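Comments concern the structure below.
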2 protein chains.
Amino acid sequence: MSELAEIKDNFVTQWGALGSQWGINRTMAMIHALLLVSPNPLTTDEIMAELSVSRGNANTNLRDLASWGLIRQVIVKGERKDHYEAEKDTWKIFCIVARERKRRETEPASQVLKDCINRSKDLKTAEAKELHKQLTALNDFVMLANSIMEKVASKEQSTLLPKILKVLS
Amino acid sequence: MSELAEIKDNFVTQWGALGSQWGINRTMAMIHALLLVSPNPLTTDEIMAELSVSRGNANTNLRDLASWGLIRQVIVKGERKDHYEAEKDTWKIFCIVARERKRRETEPASQVLKDCINRSKDLKTAEAKELHKQLTALNDFVMLANSIMEKVASKEQSTLLPKILKVLS
DNA sequence: TTTAATTTTCAGAAAATACTGAAAATACGA
DNA sequence: TCGTATTTTCAGTATTTTCTGAAAATTAAA
C-alpha cells in the first residue's frame with residue numbers, strides 16, 4: 001500500500017471511530033470520510049470492497065448520507081452502476097450538519113419544553129410557578145441558540161465566522 | 001398524582017427519551033431533568049424510587065453528571081445520605097454542555113485531521129496535495145468553530161448571545 | 001474498635017443498535 | 001416483452017451499550 005493510500009485509510013478508519021461520539025454510526029462516518037478524500041466518485045461495490053462491509057450496510061448508509069445532502073449520486077457516462085461523491089465544500093458541510101443537529105436535537109427539546117410550559121401556565125401554587133419559570137428560561141435560551149444557528153447556517157459565505165470571532169475578542 | 005406531579009413526570013420522561021439523540025443515556029438525562037425541576041435536593045434512594053432504576057445505575061449516572069458539573073452534592077443537616085441538586089442557571093448549563101462537546105467531539109476530530117495533514121505534507125503527487133488541501137480546509141474550519149465556542153462558553157454573562165444575533169441580522 | 005448505614009464496583013443480563021446476506025423489487029438493454 | 005444487472009429491503013445475527021443486583025468497600029456513629 002502506498003504512503004498516500006495508508007494515510008487515507010488511516011483517516012477513514014479514525015473518522016469512523018469518531019462517528020460514535022458524534023451519534024452517527026461507524027459505517028456512515030467511514031463512507032463519508034472515504035468519499036471526502038476520494039478524487040473520483042465511487043460505486044457501492046468499490047465502497048463495499050474498500051471498507052469490508054456488506055451491500056445492505058453500504059446501501060443503507062449511502063442513502064442516509066444522501067438524504068442529509070452530504071453526498072450525491074453522479075452519473076458516469078457508459079457506466080450503469082450508481083456513483084457517489086461527497087460535498088467537499090467545508091462551509092456547506094458545516095451548514096448541513098448544523099441544520100440536521102437543530103432538527104434532531106434542539107427542535108424536539110424545545111417542543112418538549114413548550115408542551116410542559118403550556119400545561120403548567122395556569123397552575124397557581126408557588127412550586128408550579130417556579131417550574132414554569134425554570135422551563136421558560138430553558139426554552140427561551142434553546143430558541144435563541146436555535147435562531148443563531150439557523151441564521152449562521154443560512155449564509156452563503158463562510159466569511160461570517162471570522163467576523164463573529166472578532167466581535168468576541 | 002397531582003397535575004403538577006404529572007407535568008414534571010412527563011417532562012422527565014420525555015427529556016430522557018431526548019437524551020438518546022443527544023448521545024447521553026436515558027437514565028442520565030432523566031436524573032438531570034428530575035433534579036432540574038425538583039425544588040429541593042434528592043437522595044439516591046429518592047431518585048431510584050422516582051425513576052424506577054437500580055442503585056448501580058443511579059449511582060453511576062449521578063457521578064457522571066457531577067463530573068460534568070451539571071449537578072452537585074449538597075449536605076443536608078442531620079441527614080447522613082448524600083443529596084444532589086442540579087445547576088439551574090441556564091447559561092451555566094449551556095457553557096458546561098458546550099465545553100463537554102468540544103472536548104468529546106471537535107477536539108478529537110481536529111487531532112485526527114492534524115495527524116493526517118502532517119503525514120501528507122511532504123508527499124509530492126497531485127493527489128496527495130489535493131488530500132492535504134482538503135484536510136487542511138476542514139481542520140482550519142473545525143478549529144475556528146472551536147475557538148468561537150470556547151470564547152462564547154467562557155463568558156460570565158449570557159447577554160452575549162443576543163448581541164451575536166444582532167450582528168447576524 | 002465494632003457495627004450499621006451508605007456508596008461504589010462490576011459480572012452477568014437485558015436492551016438497543018448496527019450489520020449481514022440473500023430474496024424481492026426495480027431498472028434497463030436487447 | 002424477456003433476461004440480466006443493479007438496488008432495496010428485511011429477518012436473523014452480532015455487537016455495543018446500558019442496566020441490575022448483590023458483593024465489596026467505605027464512612028461514620030456508638
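Only a predicted model underlies this, so the values are computations on that prediction, with no experimental measurement involved. Every chain is numbered from 1, with letters handed out A, B, ... down the list of sequences.
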Fill in: Shared hydrophobic cluster, A/Leu160 / A/Leu168 (ILVMFWY, side-chain heavy atoms < 4.5 Å)
yes
Fill in: Of B/Gly56 and A/Arg26, the one whose closest DNA chain D nucleotide lies more 5'
A/Arg26
Worksheet item: Ion pair present between A/Arg101 and B/Glu105, side-chain N to carboxylate O less than 4.0 angstrom?
Response: yes
Practice prompt. Verify the cluster assignment for B/Leu161 and A/Leu165: are they in a single hydrophobic cluster under the rule of side-chain heavy atoms below 4.5 Å apart?
Written response: yes
Item to complete: Tell me what B/Asn57 touches on the nucleic acid: a base, only sugar-phosphate, or nothing, going by heavy atoms under 4.0 Å.
Response: base
Practice prompt. Could you tell me the separation between the CG atom of A/Asp82 and the P atom of C/dT26, rounded to a whole number of Å?
Written response: 16 Å
Discussion item. Hydrophobic clusters here meaning ILVMFWY residues chained together by side-chain heavy-atom distances under 4.5 Å, can you tell me if B/Leu138 and B/Met149 are in one?
Written reply: no
Worksheet item: Backbone N or O of A/Val53 within a donor-acceptor pair of the A/Asn57 side chain at under 3.5 Å?
Response: no
Worksheet item: Looking at C/dA27, C/dT7, C/dC19, which one has an atom nearest to any side-chain atom of B/Asn59?
Response: C/dT7
Practice prompt. Kindly say whether B/Met48 contributes a backbone atom to a donor-acceptor pair with the side chain of B/Arg55 at under 3.5 angstrom?
Written response: no
Worksheet entry | Residue whose closest nucleotide on DNA chain C lies nearer the 5' end, A/Thr60 versus A/Arg80 | A/Thr60
Worksheet entry | Note: A/Glu127-B/Lys8 ion pair, threshold 4.0 Å (strictly below) | yes
Item to complete: Please figure out whether A/Tyr84 or B/Asn25 has its closest DNA chain D nucleotide nearer the 5' end.
Response: A/Tyr84
Worksheet item: How would you label the contact of B/Ser20 with the nucleic acid (heavy atoms, under 4.0 Å): base, sugar-phosphate, or nothing?
Response: nothing
Discussion item. So B/Arg63, base contact, sugar-phosphate only, or nothing? Heavy-atom distance under 4.0 Å.
Written reply: sugar-phosphate
Worksheet item: Heavy-atom distance under 4.5 Å between the side chains of A/Phe141 and A/Thr136, does that happen here?
Response: no
Worksheet item: What's the CD1-P distance between A/Ile24 and C/dT17, to the nearest Å?
Response: 16 Å
Worksheet item: Rounding to a whole Å, what distance do you find between A/Arg55:CZ and C/dA24:P?
Response: 17 Å
Item to complete: For residues A/Ser110 and A/Asn139, report the shortest heavy-atom separation together with the two atoms involved.
Response: OG-OD1, 2.8 Å
Worksheet item: Whole Å only: how far is the CD atom of B/Gln21 from the P atom of C/dA16?
Response: 14 Å
Practice prompt. Using heavy atoms and a sub-4.0 Å distance, could you list which residues of residues 37-45 of chain B are near DNA chain D? By number, please.
Written response: none
Item to complete: Walking along DNA chain D from 5' to 3', note the first and the last nucleotide with an atom under 4.0 Å from a heavy atom of chain A, and give both.
Response: D/dA5 to D/dT9
